[in-house]
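All chains are named by letter (A, B, ...) in the order of the sequence lines, taking the proteins before the strands, and each is independently numbered beginning at 1.
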Amino acid sequence: MDINEFIQKLQGEFEDIPAGFLKPETKITDIEGWGSMHALIVIALIDTEYGVTLKGDELRKVQSVQELYDLVIQLKKNQQ
Amino acid sequence: MAFFSIDNINIKGMAAAVPKGELSNWEYTHITEQERKLLIKTTGVEKRRIVNNSGITTTDLCKAAAEKLLQDTGTPKDEIQILVFVSQTPDYFLPASSITLQSRLGLPKTCMAFDINLGCSGYVYGLSVISSLMSVGKFKKGLLLCGDISSAGPPEEDKSVFPLFGDAGTATLLEFDSTAATMHFSCQSDGSGYEAIIVREGGMRKPFTVDSFTMVEKEKGISRASRNLELNGMAVFNFSVTEVPRNIEEFFKLTSTYPDSYNYFVMHQANLLMNETIRKKLKFRPEQIPYSIAKYGNTSSASIPLTIVSELRDKVAGDVSFLLSGFGVGLSWATVSLKTKGLLCPQIIEL
């Protein structure tokens, strides 16, 4: 999985995000209307697609899409 | 793991009662339209039934369900030797609601009755307790009544709780039957997560004070008083998508079963996204998973029987193999596998 694939999957979850809005440097809280429901959707996506369960605190510390991606990769490594 | 098996108990029927009053989350104007759409898509809750200020309590709903079930199965009341009531919204601090129900249902004094204080995991826990006692005591028949009126607490100003819960009461009739298939249970608990879903004040640890009723804004869109139910959605989500699949994978190993061994996997109706994540992780097919959450919301310990009555009542005439799993407040979670042979489910009652 590379970051572009990751972005595509995120994009697929949020109907309201205009195409091309999400970039590695985009702040996830800049997603329009970002709130707890978005957080649940992101956690569910990452759990289903990558087999790691993000905690709420971990997600709250993350700022950009790149940081989120790095965290997922890191958690996946720790699992192995 | 608390894994155990119970023989000789058959589930003869299930019934459910809900209040007439209905609220639609499409009309929940405390949040924006965009939030509303996302809330409904994520939680799956479109509508829910609420007692409002009708004065109807959990025991009223359970009583109506039990009466209908006894009537439709033609069960003589004097054959009921045990009544177990599972709820976190009983009528009184004391006496136990199960005992008042013994009398209100016209059951004989030879019937034992007690309450179990559990929520989302309560149906499976309740089944394990009543089935064990009935199996050991060779009781002819027993009633398991599960429900809550969770809508009675949360204020409209708390978007993290208010739109999720509905009210319902259910009745399950069990009988001693030496030809019944073995039921297998796996029950777990983790009290370190006790604050994930909690009503902080009004019990003995923190009795009510005037401040218990003061509304405080916790964050945007979330105001509540400390007597109200508080829910850490993220913590519950994490717990559920981690521990439930873990419990069931272990359960599969212990029972030498796999997803296709079951006709239906009925989950506590907590949150659509959460339940779907569990489904995908366990590799169940969508057709195996009934949902009633769109119509009734999260109805606590009533959700599993309510879903069976609401979604499967015309599909259970023959032999059906079920996997049921409840999970949530406590934290507490439990799974059971069981087989029914001609389960009788009257239509949902409205009060």
Problem set entry | Contacting region of B:K41 [heavy-atom separation from chain A under 4.5 Å] | side chain
Problem set entry | Neighbours of chain B found in residues 51-71 of chain A - heavy atoms under 4.5 Å | A:T53, A:L54, A:K55, A:G56, A:R60
Problem set entry | Proximal component of A:E49, with respect to chain B [non-hydrogen, under 4.5 Å] | neither
Problem set entry | Segment of B:Q34 engaging chain A (4.5 angstrom heavy-atom cut-off) | side chain
Problem set entry | Within 6.0 angstrom of A:F21 CZ, more than 12 heavy atoms from elsewhere | yes
Problem set entry | Side chain / backbone / both / neither for B:N271 at chain A, heavy atoms under 4.5 Å | side chain
Exercise. If you count heavy-atom pairs under 4.5 Å with chain A, which of B:T42, B:N238, B:T277, B:V241 comes out on top?
Worked result: B:N238
Exercise. Can you pull out the residues in residues 34-43 of chain A with any heavy atom less than 4.5 Å from chain B?
Worked result: A:M37, A:H38, A:A39, A:L40, A:I41, A:I43
Exercise. So does A:K9 have more than 12 non-hydrogen atoms from other groups sitting under 6.0 Å from NZ?
Worked result: yes
Exercise. Hey, which of B:R279, B:E276, B:K280 is the one that makes side-chain contact (heavy atoms from CB on, under 4.5 Å) with A:T48?
Worked result: B:K280
